[in-house]
Amino acid sequence: MAVAEDDPVRVSLEKYVGQSMGPPYVAPDPVNLPMIRHWVDAFDDRNPVYLDETVARDTRFGGGVAPPAMLQTWSMPRPVIEGIAERGGAPNAAQSDNVVRALDEAGYVGTLATNSELEFVRYLRPGDLLHVANELESISARKTTALGQGYFVTWVTTYRTADDELVGRQLFRIFKFDPSTIEPSKLGASR
């Protein structure tokens with residue numbers, strides 16, 4: 001992608017494309033039945049392959065599995081509540097040099113999740129422990145939206161088991177914006 005030279009912030013971000021968003025990490029807990037139970041109860045999902053081992057054994061899975069949409073759930077760290085507002089809602093402080101941190105430092109401190117796409121390679125089973133890696137896929141040119149000026153940042157998260165079996169991927173996109181560039185009329189200010 002050719003980057004306009006009149007956008008020095010965007011030029012400085014190019015070095016992150018194709019790079020890790022931070023060190024790979026291991027999920028805090030293995031896939032487990034109590035969390036599956038909470039999930040299916042919250043979503044009123046009564047598929048018996050999630051909770052009834054007897055039924056699940058006679059299916060194509062040969063045993064119990066987790067709902068596929070839980071993929072990201074297993075990798076979420078326990079949040080550090082203190083300072084969460086100052087981190088824009090991020091559960092933990094960024095520990096490595098990455099595009100999100102660079103945009104924060106450049107004044108693009110607003111964060112809006114815009115979309116997520118999940119790819120499921122195989123169903124997870126109780127006991128699977130996920131190993132997770134994030135790589136920056138792309139950064140848009142600077143855009144102007146109702147939230148002000150900013151950049152769409154897209155990364156891909158890869159989920160693997162302890163024995164390196166690929167089980168899923170997630171494409172995640174956010175809009176990092178500078179709140180000071182919001183047009184006053186968009187804030188509902190009186191004219």
Side-chain angles (χ1 to χ4, degrees), residues 1 13-43 45 47-80 84 87-104 111 113-140 151-174 176:
M1 166 203 255
L13 301 174
E14 189 63 28
K15 69 181 182 181
Y16 296 105
V17 177
Q19 300 301 309
S20 172
M21 296 277 292
Y25 61 95
V26 177
D29 298 296
V31 174
N32 63 79
L33 194 55
M35 291 307 297
I36 293 171
R37 188 177 303 112
H38 288 300
W39 179 278
V40 300
D41 288 346
F43 288 96
D45 185 346
N47 188 331
V49 299
Y50 303 143
L51 297 177
D52 188 331
E53 185 62 32
T54 304
V55 170
R57 226 182 340 245
D58 294 332
T59 68
R60 66 185 169 116
F61 304 113
V65 294
M70 288 186 80
L71 181 63
Q72 181 185 18
T73 305
W74 302 111
S75 67
M76 292 181 170
R78 294 184 67 203
V80 175
I84 200 165
R87 294 190 306 271
N92 295 300
Q95 299 297 319
S96 62
D97 181 30
N98 67 55
V99 69
V100 173
R101 193 175 199 175
L103 282 165
D104 284 342
T111 304
T114 62
N115 65 301
S116 178
E117 298 171 18
L118 291 166
E119 174 189 358
F120 309 110
V121 176
R122 80 151 168 88
Y123 280 73
L124 297 176
R125 298 181 175 283
D128 284 339
L129 183 62
L130 294 183
H131 293 239
V132 184
N134 296 295
E135 182 178 299
L136 183 65
E137 181 181 82
S138 63
I139 308 163
S140 72
Y151 302 87
F152 288 93
V153 177
T154 306
W155 65 86
V156 176
T157 303
T158 303
Y159 301 92
R160 297 180 177 278
T161 60
D163 61 352
D164 205 35
E165 178 188 4
L166 178 66
V167 293
R169 289 185 195 85
Q170 178 181 19
L171 179 141
F172 196 73
R173 184 171 297 119
I174 62 174
K176 287 292 288 176

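Predicted model only: the values in this text are computed from it and were never measured.
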### Query
Can you list the steps and then say if Val100 with Thr111 is a side chain to side chain contact (heavy atoms under 4.5 Å, CB included)?
CA-CA 9 Å; Val100 173; Thr111 304; 5.6 Å; no
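Side-chain atoms of Ile139 and Glu14, non-hydrogen and from C-beta on, never get closer than 4.5 Å to each other.
Summarising the geometry, atom CE belonging to Met21 is positioned 10.5 Å from atom CG belonging to Asp97; distances are rounded to the nearest 0.5 Å.
A donor-acceptor contact shorter than 3.5 Å links the side chain of Asp128 to the backbone of Arg125.
Residue pairs meeting the salt bridge (Lys or Arg N to Asp or Glu O under 4.0 Å) criterion with at least one partner in residues 151-170, sequence neighbours excluded, are Glu119-Arg169, Arg122-Glu165, Arg160-Asp164. Sorted by first and then second residue, the side chain to side chain donor-acceptor pair (under 3.5 Å) pairs with a member in residues 18-37 form an empty list; sequence neighbours excluded.
Residues meeting the ring pair (Phe, Tyr, Trp, His ring centres under 6.0 Å) test with Tyr159, sequence neighbours left out: none. Residues passing the ring pair (Phe, Tyr, Trp, His ring centres under 6.0 Å) test with Phe120: none are found, sequence neighbours excluded. For Ser116, the side-chain hydrogen bond (donor to acceptor under 3.5 Å, both in side chains) criterion is met by Gln170, not counting sequence neighbours. Scanning for side chain to side chain contact (heavy atoms under 4.5 Å, CB included) contacts around Glu135 gives an empty result, with sequence neighbours left out. Every side-chain hydrogen bond (donor to acceptor under 3.5 Å, both in side chains) that Thr154 has, sequence neighbours left out, goes to Arg173. With sequence neighbours left out, Tyr50 forms a side-chain hydrogen bond (donor to acceptor under 3.5 Å, both in side chains) with no residue at all. For Tyr16, the ring pair (Phe, Tyr, Trp, His ring centres under 6.0 Å) criterion is met by no residue, not counting sequence neighbours. Listed by chain and number, the residues in a ring pair (Phe, Tyr, Trp, His ring centres under 6.0 Å) with Phe172 are Trp155 (sequence neighbours excluded). Checked against side chain to side chain contact (heavy atoms under 4.5 Å, CB included), Pro28 has no partners two or more places apart in sequence or in another chain. For Thr157, the side-chain hydrogen bond (donor to acceptor under 3.5 Å, both in side chains) partners two or more places apart in sequence, or in a different chain, are Asn134.
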